[in-house]
There are 2 protein chains.
Amino acid sequence: MSSSANPTTPPVQSIQRAVAIMRCFTEAEPELGVTELSKRLNLHKSTVSRMLTTLQQERLVDKNPETGKYRLGLGLISLAGVALGRLNARAAAQPYLNDLVETTRETVNVAVLDRGECVNIERAFSPQPIRYMGWIGRRTPLHCTASGKALLAGLTAEERTAVLPTPLPAYTPKTITDMNILTQSLAQIDRQGYAIVNEEYEAGFSSIAAPIRNHLGQVMATLAISGPTYRLEGETITTFITPLLQMTRQISADLGYRVM
Amino acid sequence: MSSSANPTTPPVQSIQRAVAIMRCFTEAEPELGVTELSKRLNLHKSTVSRMLTTLQQERLVDKNPETGKYRLGLGLISLAGVALGRLNARAAAQPYLNDLVETTRETVNVAVLDRGECVNIERAFSPQPIRYMGWIGRRTPLHCTASGKALLAGLTAEERTAVLPTPLPAYTPKTITDMNILTQSLAQIDRQGYAIVNEEYEAGFSSIAAPIRNHLGQVMATLAISGPTYRLEGETITTFITPLLQMTRQISADLGYRVM
DNA sequence: GATTAGGTTTCATAATACGCAACAAATTGG
DNA sequence: CCAATTTGTTGCGTATTATGAAACCTAATC
């Protein structure tokens, strides 16, 4: 039977269009008008207007009464809540996050792999005013974030090739874009059991992550500690290794993973 | 122009159907098959199958490889993350939630009003093993939850009539179903500035909530402390009044609300 | 006040989504 | 182990829906 990668069934165009409309709304641009969406998606204004009206009826978008513009609606939050609720790694990790925040005083995140990206599914924020704000749902690349690399390190070479873009995009001057160098780096991460990334994805931002394993030993999520480089640089981030690994071992054990 | 309650534009049926499919997945039933969805929604199997394929391509559902059944996908989480990101009350409340959990040792939630329901938009869980697990996105009724009543108390009589169902459904023997009694109760809540609910929505469950106001003094969200009745009954829940009100005043002040 | 821009609605029709039937694969029960 | 049943997918023709064009309404701009 065909996989989703090579569908023989033509997709339902109206659903694709509706999702494309919703995906135009971002953290940077939370509100958009009919005409703007029409231009971006190359759809007629009347098509966009009708679709927005239906999405609004279904609570997936709403209209800001003050600006008259559309934005994503709270109905998405309820659906997402159901989607999050089935993630075992999230439930397993959640009781430990605040302890790790207290120990490190930095933001802690849980992330999973989804279709070539790293998706945050849980987080506990640092109490410090300058902190990493990785919100739930945020997607980041795999090859230049600590969580992403920890996820990649748990994949076979084949799986890795399937999820990584070619060429690897550069996000900062420090991003590794050579596949061989990345592969070697991932082998090292697999051996040592954690990944550290300094400013490969975003200037001034560093993090350390380790895998969370299921009862079969497969990497199902990662636990990461993130913050501004000026606070983590030097030896500071290495002091997080032990508490991080202790925590991921505990969480993995809660999920049934036994080291043989 | 017509509101979403009385649309003159016919809705896009395919979008409605797709959303109906997604809404079949719940916390209680996170995985469903094509035939089951077909029966529930009275749609042909081939229609459901095609729609699920497109939703899967768009990451709003995925297929559990172990069971072959469909479930809500992580793509929803990213959209919901954007939706949550625009909620000022949530961002304003978030730094205070852990303090309130430490003070009360109970679960703390932030909720907003959305189309006749109370929706959780933030939460910090109690560290105790028996605790209220109000997940983000969870929807609860207005007339029998503390958050719901705190939201209702901030509405005009007209607005209230618009959002409340008639008759008021009973969830437990303690649910108030008489509109006059509810109205009097809400007037009292408005005067005292907080709502307490004991087992009106769910047996064994109680909570206290207070409104979060914006710069105009309008109730935009609520902050609630919830837990099992056996821990909160008697005088315990009243000891939460002062810390809760202090916190909602602080959060409201952060949002620009000034008591005249 | 005129013009422009954004958004909505009516209408005819082009194109899509649909149901039906057939088929393939998986599951169930004897 | 095999037949029967159930589930899910796909090809096809067409009924129905979604669509774009045009007209209209409202708000914003000059």
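Letters A, B, ... are given to chains in the order of the sequence lines, protein chains preceding strands, and every chain is numbered from 1.
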Toward the 5' end of DNA chain D, by each residue's nearest nucleotide, L32(B) or T47(A): L32(B)
Earlier contact from the 5' end, DNA chain C, for S14(A) and V34(A): V34(A)
R86(B)/E31(A) salt bridge by N-O under 4.0 Å criterion: no
Value in whole Å for how far the P atom of dG7(C) lies from CD of E36(A): 9 Å
Whole angstrom value for the distance that separates C1' of dA18(D) from CD of Q16(B): 13 Å
Check: D254(A)/Y96(A) side-chain N/O donor and acceptor closer than 3.5 Å: yes
Short side-chain N/O contact to dT9(C) OP1/OP2 from T9(B), under 4.0 Å: yes
Length of the line joining L52(A):CG and dT9(C):C1', which is rounded to integer Å: 15 Å
Nearest-Å distance for atom pair CD/C1', residues E66(B) and dA26(C): 17 Å
Whole angstrom value for the distance that separates C1' of dA14(C) from CD of Q13(A): 12 Å
SB check R139(B) E117(B) (cutoff 4.0 Å): yes
For atom CG of L43(A) and atom C1' of dA15(C), their distance in whole Å: 15 Å
Distance-only donor-acceptor test, R50(A) side-chain atoms vs dG20(D) base atoms, 3.5 Å: yes
Whole angstrom value for the distance that separates C1' of dA21(D) from NE2 of H44(A): 6 Å
Any residue meeting side-chain contact (heavy atoms from CB on, under 4.5 Å) with L55(B), in chain and number order, not counting sequence neighbours: I15(A), A18(B), I21(B), M22(B), L60(B), V61(B)
Atom pair distance, as rounded to whole Å: CG in L55(B) and P in dA17(C): 12 Å
Phosphate OP1/OP2 of dT7(D) contacted by K63(B) side-chain N/O (<4.0 Å): no
Sugar-phosphate only, base, or nothing, as touched by S46(B) at under 4.0 Å among non-hydrogen atoms: base
R23(A)/E58(B) ion pair, N-O < 4.0 Å: yes
Most 5' of K45(B) and R17(B) on DNA chain C, judged by nearest nucleotide: R17(B)
Phosphate-side-chain proximity, Y70(A) and dG6(C), N/O vs OP1/OP2 below 4.0 Å: no
